Protein chains: 2
Amino acid sequence: MDDRKKIILKAIVDDYVRTCEPVGSKSLVRRHNLSYSSATIRNEMAELEEMGLLIKPHTSAGRMPSDKGYRAYVDNLLSLPEIPLEEEIAARQFLSENLREAREMIERTAEYLAEKTNYLSVVLSPQYSDTSLEQIKIMMIEPGRAIVVLVLSPGVVHDRLIRIPSLIDEKDLQEIGHAIERCLAGKRLDDITLVTISSAAEATDLPEVLVNQVLYEAYIAIKQTERIDVYIDGKYQLLKHPEFRDVNRASRFYDVVRQEQMVAGYMREMEQEEEQNIVEGLDKIEKMESAPKALATQKDRPAYMVRIGQEIALSGMEDMSFITTTYRIGRQISGQIGVIGPKRMEYGNIISQISFVNRVLCDVAKDHYARGGDHPAIEG
Amino acid sequence: MDDRKKIILKAIVDDYVRTCEPVGSKSLVRRHNLSYSSATIRNEMAELEEMGLLIKPHTSAGRMPSDKGYRAYVDNLLSLPEIPLEEEIAARQFLSENLREAREMIERTAEYLAEKTNYLSVVLSPQYSDTSLEQIKIMMIEPGRAIVVLVLSPGVVHDRLIRIPSLIDEKDLQEIGHAIERCLAGKRLDDITLVTISSAAEATDLPEVLVNQVLYEAYIAIKQTERIDVYIDGKYQLLKHPEFRDVNRASRFYDVVRQEQMVAGYMREMEQEEEQNIVEGLDKIEKMESAPKALATQKDRPAYMVRIGQEIALSGMEDMSFITTTYRIGRQISGQIGVIGPKRMEYGNIISQISFVNRVLCDVAKDHYARGGDHPAIEG
DNA sequence: ATTAGCACTCGAGGCAGTCGAGTGCCAATG
DNA sequence: CATTGGCACTCGACTGCCTCGAGTGCTAAT
């Protein structure tokens with residue numbers, strides 16, 4: 001593809017993204033001050049159409065990008081705007097202000113991204129690979145009920161209410177708790193199974209039936225920590241985009257979004273693929289080719305993935321584009337950030353934003369975990 | 001208003017709710033096999049219009065109910081369908097299956113209601129009036145961080161991560177925790193203030209600066225338990241209703257819904273009013289008049305409130321109707337259940353549903369709190 | 001290789017006419 | 001005297017027709 005074709009394709013995509021209307025040769029020349037006549041453009045357009053990059057809604061209309069056209073645009077023609085410093089300061093402030101729990105950080109990330117992009121944002125809570133259980137405490141609430149508090153190695157805390165046999169009293173529970181802790185503390189989550197945990201039973205003198213039930217509940221609580229939490233924001237703003245005029249289309253889309261766990265699962269899959277692509281991508285960059293779906297940017301800057309239309313393997317999303325990136329906090333913690341919008345999306349801008357947010361989130365998180373107990377003094 | 005007018009008004013509202021189209025005299029006669037001619041109906045309609053119960057979009061169109069028309073319908077003409085027994089069994093099952101935390105119960109209530117009504121459902125987490133603090137435990141996570149676990153009198157558990165001075169070690173923290181518990185246990189939440197809690201400082205030998213900070217954080221954690229959690233479901237189904245064709249209208253509505261805390265606050269207000277109305281309502285029922293906004297049904301059956309159009313004091317909701325009811329679990333716990341839909345709403349059906357769900361929720365909750373530690377044994 | 005020019009296409013928008021489901025009103029009626 | 005049949009009128013929805021403008025592809029000239 002020669003340079004002129006590239007310029008024209010880029011111009012068409014840019015215009016179409018702005019206006020949502022098929023763009024014609026004449027107006028393209030006018031709007032971009034091109035140094036070719038409209039006839040030339042027409043010829044080029046015809047060729048681009050033959051290559052499958054453009055489509056015409058009907059004979060006498062202008063052209064709009066096909067999925068393949070967007071693909072080419074994203075892979076080769078993208079310009080990524082810089083995020084100004086004052087915005088960085090604001091974002092950092094927004095994410096870190098009055099921060100207490102990791103959950104809030106994730107929620108705010110989703111909120112910020114939705115706000116800035118006007119599309120739908122999805123942020124997955126961190127997954128902990130190679131994480132181990134540091135502490136486990138069980139506390140009596142009342143006869144029959146207790147709370148399990150788990151501390152994982154990167155300082156993450158989970159808790160869950162459980163039911164226990166009402167015969168167990170506070171002292172018994174303490175004892176069982178200590179037994180479990182002795183048995184599991186320091187173990188990797190993956191290594192904790194019903195079998196490992198049941199060995200804790202041997203360390204107590206209490207009747208096995210009682211202990212076993214507590215062990216089982218504790219086990220469930222531990223496994224529960226691996227659930228992915230999904231934070232979605234900006235659901236409604238999408239309605240403002242013209243492609244959502246069609247109610248059926250909108251409904252079909254929202255039917256997918258409702259199934260948050262499915263979206264989350266899909267994002268995790270994309271993460272795997274992204275990792276592969278980074279490797280391939282670096283490879284290709286050396287050979288001066290272009291990476292296919294993931295653009296691994298210079299080291300230390302986060303990579304991202306773009307899925308366009310049919311490429312999204314979630315039925316109901318065929319008309320959308322999905323941009324994701326993986327955030328990593330230290331080695332153990334990783335999660336996903338994503339933006340979903342119409343195919344007619346401001347790719348450059350969104351990719352800048354998502355990479356930017358990724359970076360800020362990591363910084364804030366590191367800060368959060370590092371910062372000790374320095375804290376404003378008590379008032380009143 | 002004579003009986004015939006009532007029949008006609010009811011027929012018009014029913015038809016309009018079904019079709020969303022102005023209903024004319026002739027088709028009304030046809031559809032309902034009325035024993036009057038269309039001319040008679042026309043005369044009656046003209047009078048109903050004069051009374052402000054009906055409106056015409058233009059001269060030669062049929063009539064549709066005005067806000068006041070809906071009001072009259074809801075207050076006097078409603079027929080409340082019975083919920084069949086098998087649905088009751090299913091609902092009970094759905095709400096109580098594998099239930100661990102109270103939160104899940106509320107979430108599921110919202111889900112069930114949205115599913116059944118095809119409108120938007122809002123459920124507020126319980127508020128505890130006259131609640132006291134039963135236990136408070138503080139546990140060290142790592143230097144600088146701890147978790148506060150609070151148990152309130154109806155067996156409700158809250159927790160929150162806090163920051164503490166990193167100089168404090170596990171033993172100190174225990175000591176402070178016990179001091180707080182001694183000082184606060186059994187106290188009503190309303191009676192706990194920064195002053196009461198700070199008296200706990202005197203019970204320890206630790207440096208006041210350190211203790212004060214923990215006390216402050218614990219205080220925040222306690223106050224935090226009074227936050228209202230809002231569970232909303234069915235946001236998207238509303239899009240399927242024809243009144244949401246207009247994107248601007250939809251956007252305006254969603255702008256309100258996004259502000260969940262505002263909606264929650266408004267529902268709490270409605271609760272107050274409902275209580276008043278029940279009293280007045282009972283009064284009026286004795287005098288054989290009709291209650292205005294809240295229809296206090298026979299004792300033990302829950303009351304509900306209906307707000308129609310302009311009556312909703314949330315700007316952006318003028319085109320909607322809002323039905324709420326208060327659930328009460330025992331004396332101390334109460335919360336709100338609501339359904340929001342277009343004014344053209346199946347009032348009878350929704351009111352039946354919402355009252356029904358209220359009843360089931362209460363039953364399940366009582367069950368949940370009563371049930372001891374009887375639980376399936378450990379497997380594996 | 002580029003471009004000016006021309007014939008052709010197609011959707012959007014404006015206009016007139018028809019149709020159907022309404023209405024209000026009046027005079028006839030049991 | 002409440003009810004009803006009949007009639008004239010209204011208005012939105014639909015249809016067909018026309019024009020306009022922004023496109024296109026193709027060809028011949030530069």
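When reading the values below, keep in mind they use all heavy atoms of this one structure, side chains included, and skip hydrogens, waters and symmetry mates. We name chains A, B, ... by the order of the sequence lines, and we start the count at 1 in each one. Predicted model only: the values in this text are computed from it and were never measured.
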Exercise for the section: Measure the distance from NZ on B:Lys26 to C1' on D:dG6 and round it to the nearest whole Å. Expected result: 11 Å
Exercise for the section: Would you classify B:Ser27 as touching base, sugar-phosphate or nothing, given that sugar-phosphate means primed atoms plus P, OP1 and OP2, and contacts are heavy atoms under 4.0 Å? Expected result: sugar-phosphate
Handout entry: Under-4.0 Å salt bridge between A:Asp255 and A:Arg252
Key = no
Exercise for the section: May I ask you to evaluate whether A:Thr59 reaches the phosphate of C:dC10, defined as a side-chain N or O under 4.0 Å from OP1 or OP2? Expected result: yes
Exercise for the section: Describe the nucleic acid contact of A:Arg63 in one word from base, sugar-phosphate, nothing, applying a heavy-atom distance below 4.0 Å. Expected result: sugar-phosphate
Practice task
Let me know the distance between CG of A:Asn43 and P of D:dT27, rounded to the nearest Å.
Solution key: 12 Å
Handout entry: Beyond-backbone contact of B:Ile232 with B:Val257, side-chain heavy atoms, under 4.5 angstrom
Key = yes
Problem - NZ/NE/NH1/NH2 to OD/OE distance under 4.0 Å, A:Asp233 and B:Arg258 - result: yes
Handout entry: A:Ala39, nearest nucleotide to its side chain (from D:dG25, C:dT3, C:dA21)
Key = C:dT3
Problem - Closest-nucleotide 5' rank along DNA chain D - winner of B:Glu44 and B:Ala61 - result: B:Glu44
Completion exercise
Looking only at C:dC10, D:dT3, D:dT24, the nucleotide nearest the B:Thr40 side chain is D:dT3
Practice task
May I ask you to decide whether A:Lys10 forms a salt bridge with A:Asp14, counting only side-chain N to carboxylate O separations under 4.0 Å?
Solution key: yes
Practice task
May I ask you to decide if the ring planes of B:Tyr236 and A:Tyr236 are parallel, tilted or perpendicular, using 30° and 60° as cut-offs?
Solution key: tilted
Practice task
Ignoring hydrogens and angles, answer whether the base of C:dT9 and the side-chain atoms of A:Ser60 contain a donor-acceptor pair closer than 3.5 Å.
Solution key: yes
Practice task
Rounded to the nearest angstrom, tell me the gap between atom CE in A:Met64 and atom P in D:dG23.
Solution key: 15 Å
Practice task
Let me know the distance between CG of B:Leu48 and P of C:dT23, rounded to the nearest Å.
Solution key: 12 Å
Fill in the blank from the handout: A:Met45 atom CE is separated from D:dC26 atom P, nearest whole Å, by 16 Å
Problem - Residue B:Arg42, side-chain heavy atoms: nucleotide from C:dT23, D:dT24, D:dG5 that is nearest - result: C:dT23
Handout entry: Among D:dT4, D:dT24, C:dG11, the one nearest A:Lys56 by side-chain distance
Key = D:dT24
Problem - B:Tyr36 OH to D:dC1 P, straight-line distance once rounded to whole Å - result: 20 Å
Practice task
Give the rounded distance in Å between these two atoms: CD of B:Glu21 and P of C:dG20.
Solution key: 17 Å
Practice task
For A:Glu49 and D:dC26, give me the distance from atom CD to atom P, rounded to whole Å.
Solution key: 11 Å
Practice task
Answer with yes or no whether A:Ser37 presents, from its side chain, a donor or acceptor under 3.5 Å of a partner atom in the base of C:dT3.
Solution key: no
Exercise for the section: Check every strand shown and say whether A:Arg4 touches a base, only sugar-phosphate, or nothing at a heavy-atom separation below 4.0 Å. Expected result: sugar-phosphate
